[in-house]
Amino acid sequence: MISLDRTCFLNNTGISGSSSPFSYKLKLPPASVKVSALGPNRDRNNNVLIENNNNALTEVKEDDTSSAADVVSNLTVPDLDVYYDGAAAEEELVTPWAVSVARICFVFDVLDVEYMFCIEYWFMMFWQQCGYSLLRDPHHNKGLAFTEKERDAHYLRGLLPPTVISQDLQVKKMMRSIRQYQVPLQKYMAMMDLQETNERLFYKLLIDNVEELLPVVYTPTVGEACQKYGSIFRRPQGLFISLKEKGKIHEVLRNWPQKNIQVIVVTDGERILGLGDLGCQGMGIPIGKLSLYTALGGVRPSACLPVTIDVGTNNEQLLNDEFYIGLRQRRATGQEYAELMQEFMTAVKQNYGEKVLIQFEDFANHNAFDLLAKYGTTHLVFNDDIQGTASVVLAGLVAALKVVGGTLADHRFLFLGAGEAGTGIAELIALEISKQTNMPLEEARKKIYLVDSKGLIVQSRVDSLQHFKKPWAHDHEPIKNLVDAVNAIKPTVLIGTSGVGRTFTKDVVESMAALNDKPIIFSLSNPTSQSECTAEEAYTWSKGRAIFASGSPFDPVEYEGKVFVPGQANNAYIFPGFGLGLIMSGAIRVHDDMLLAASEALAAQVIQENFDKGLIYPPFKNIRKISAHIAANVAAKAYELGLATRQPQPKDLVKYAESCMYSPAYRSYR
Ligand SMILES: O=C([O-])CC(=O)C(=O)O
Ligand SMILES: [Mg+2]
């Protein structure tokens, strides 16, 4: 008899257990055989490039049959990008081909005797893109930068005009064309078109001009893009998972062309920046965040997956908009919502293994905290709005202490806004104070007050408070408005995370300035329209004394002959390096101490020259170096906590982080 205990695997490589007439048991290939790329994994000097790859080849032990899903990801035909994105990789790209080996053992039961034989499969994958389709493949297209030799070898003759130009000249030309657009949304659309036609040029542009283009592909313009997504929609980007896909999410993930995913940014669109419920049109956010993962953190684009979960929207305007791209129904909640999320989280782990990072982005408060708590113990999850924002703000405060003096414990903090960002930041500050002083966490929390839409959060309100606000209900008389709270609490630091613009009024800023020689004021809500005050207001109303930072960028301000450069306290400083640190160490869980490690690394990058300009963050133009330091600190913490699986630990983690980073330079094709 042929036994039928089939373990279906190798789907990713094109061999499917279900189509085989035989059943087979999976026996893993010995470590020495593993799946290995025989051709492209060496550079010109015959150095093995696999060393630069952090995740693709996971050691598998012989006879380890524990997880079919892990096995599948281990046996995936290696993605060539993996080998060539490391800094050590030579420009020369061999023709895209790879050979993989796997061993499959067939088991037969014949008259109760079990026979087993093994076959070593060698698969050869040829996917030579050529001619017209090569020009239309954004991952390989180089436009006019294809060389004469490449035009001959890849059937491009006649499909391009005769001139051959360098990537640098392409960058110059694209920048000139983008600068000609007056309307930010047009710049955004031009950048998205570029991403969809020539990915490497897109990233080269973004990396080389990060300070100019960040406000285009990210806040504030991405906010407007999400609001108008239906009207500007040209080509789908990212993966849309709606209630219609319930029960099929596993297959939907398989429709995505890339198999070797390392980071997913997922939103359900309910709280897009400070703009509220934008439903399915929130897709702009995961796309923007993942562009930054690549440009700022060096995670290769093919390892990034943007996802929007569409359970409907409560935004009437969108529901009545004929161009709306999402499900035309009110939001599913409760069990229906939880089941879809559960199916998604399970399918992600099945498809991509234990080490895929899932970043929750712009979920509404009522889901964000619960999802983080629920999946924090089973998945590698990170909530950017709670944890990323907390880490970047703590870094800014630590740096600001060098200007204002004292320790964190010497300061008093007042927040306007008690949602994800507000309570997330407050908790991380309290944790750091408690670590620095050995003070119990509850004591440390008493230095921090929060105001929400109903006024100061105090003990008398505790029964009616949402669970994430309860730790902040201190003994204090109720206070209704912010300016009275400032005068009663006398904070040294005022932080806005309310999502409501212009709430730091002249009275509020003047009160902060009357109480403090150097008031620290952060207006964190995004995009610019929702910022609690502008940079100009903060500097003018405080008579040039405020130490100011904002979530969305503001231009430098001149006040009484002095130029002040406002810092951008945006989680974009943190998540790309943080994610890289998790990936390169093979971390399996996120721990709060890693957030502190990221803050510490970021604060250490602020130098005197920055302080002299009023900055408490380093400029974004050095972001890749900054991300490498953050990644190294996070990875070191992962090793220290025993949460890292990539062994042995690299000796120099900063160098290792740099060597892992994607380079947007073109490769040459043979
Ligand atoms: O996206 C940004 O600019 C920062 C952020 O996470 C938010 O405001 O939700
Ligand atoms: Mg966000």
Side-chain angles (χ1 to χ4, degrees), residues 184 188 206 210-211 213-227 229 263-278 281-293 295-297 306-309 358-365 367-369 371-372 381-393 395-396 415-417 419-425 428 495-501 522-532 549-554 566-579 595 598 602 617 620 623:
Y188 176 88
L206 194 49
V210 66
E211 287 181 323
L213 293 178
L214 210 55
V216 175
V217 300
Y218 193 61
T219 185
T221 312
V222 72
E224 189 186 353
C226 289
Q227 288 174 310
Y229 212 74
V263 192
I264 293 173
V265 176
V266 58
T267 187
D268 71 356
E270 191 168 5
R271 195 236 71 197
I272 294 299
L273 308 176
L275 300 171
D277 184 352
L278 298 184
Q281 303 198 161
M283 180 55 106
I285 295 293
I287 290 167
K289 293 272 174 186
L290 284 165
S291 299
L292 268 48
Y293 257 103
L296 315 191
V307 175
T308 293
I309 304 277
I358 304 163
Q359 174 165 320
F360 293 123
E361 193 70 52
D362 292 6
F363 283 76
N365 291 330
N367 289 319
F369 291 101
L371 288 170
L372 188 60
V381 291
F382 167 69
N383 183 302
D384 191 31
D385 303 296
I386 301 173
Q387 298 172 301
T389 307
S391 185
V392 78
V393 170
F415 286 75
L416 177 65
E420 292 156 63
T423 60
I425 301 164
L428 201 66
I495 299 179
T497 60
S498 60
V500 187
F522 287 0
S523 301
L524 299 181
S525 295
N526 296 310
T528 319
S529 58
Q530 311 309 108
S531 187
E532 282 77 7
S550 55
S552 295
F554 281 106
Q568 194 180 345
N570 190 294
N571 48 35
Y573 272 111
I574 292 290
F575 68 79
F578 190 82
L595 301 171
L602 176 56
Y617 291 97
F620 263 116
I623 187 68

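Whatever order the structure lists them in is the order used to number ligands and atoms, beginning at 1.
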Determine, stepwise, if the pair Phe522 / Ile425 fulfils side-chain contact (heavy atoms from CB on, under 4.5 Å).
CA-CA 12 Å; Phe522 287 0; Ile425 301 164; over 6 Å; no
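Residue Leu290 forms a side-chain contact (heavy atoms from CB on, under 4.5 Å) with just one option from Ile264, Val263, Ile285, Val307, and that option is Val263.
No side-chain donor from either of Tyr188 and Glu224 sits under 3.5 Å from a side-chain acceptor of the other.
Side chains of Pro527 and Ser529 form a contact here, defined as non-hydrogen atoms less than 4.5 Å apart.
Side-chain atoms of Ser391 never come within 3.5 Å of backbone atoms of Gln387 as a donor-acceptor pair (strictly under, hydrogens ignored). The closest donor-acceptor contact from the side chain of Ser291 to the backbone of Ile287 lies under 3.5 Å. A donor-acceptor pair under 3.5 Å is formed between the side chain of Ser525 and the backbone N or O of Ser498.
Ring planes of Tyr617 and Tyr573: parallel class, angle under 30° (limits at 30 and 60°). Ring orientation note: the planes of Tyr218 and Phe575 are tilted relative to one another, at an angle of 30° to 60°.
Take a cut-off of 2.8 Å around the Mg ion (ligand 2): the protein N, O or S atoms inside it are Glu361 OE2, Asp362 OD1, Asp385 OD1.
Within 4.0 Å of ligand 1, the residues that place a heavy atom are Tyr218, Thr219, Arg271, Leu273, Lys289, Glu361, Asp362, Asp384, Asp385, Asn526, Asn570, Asn571, listed by chain and number.
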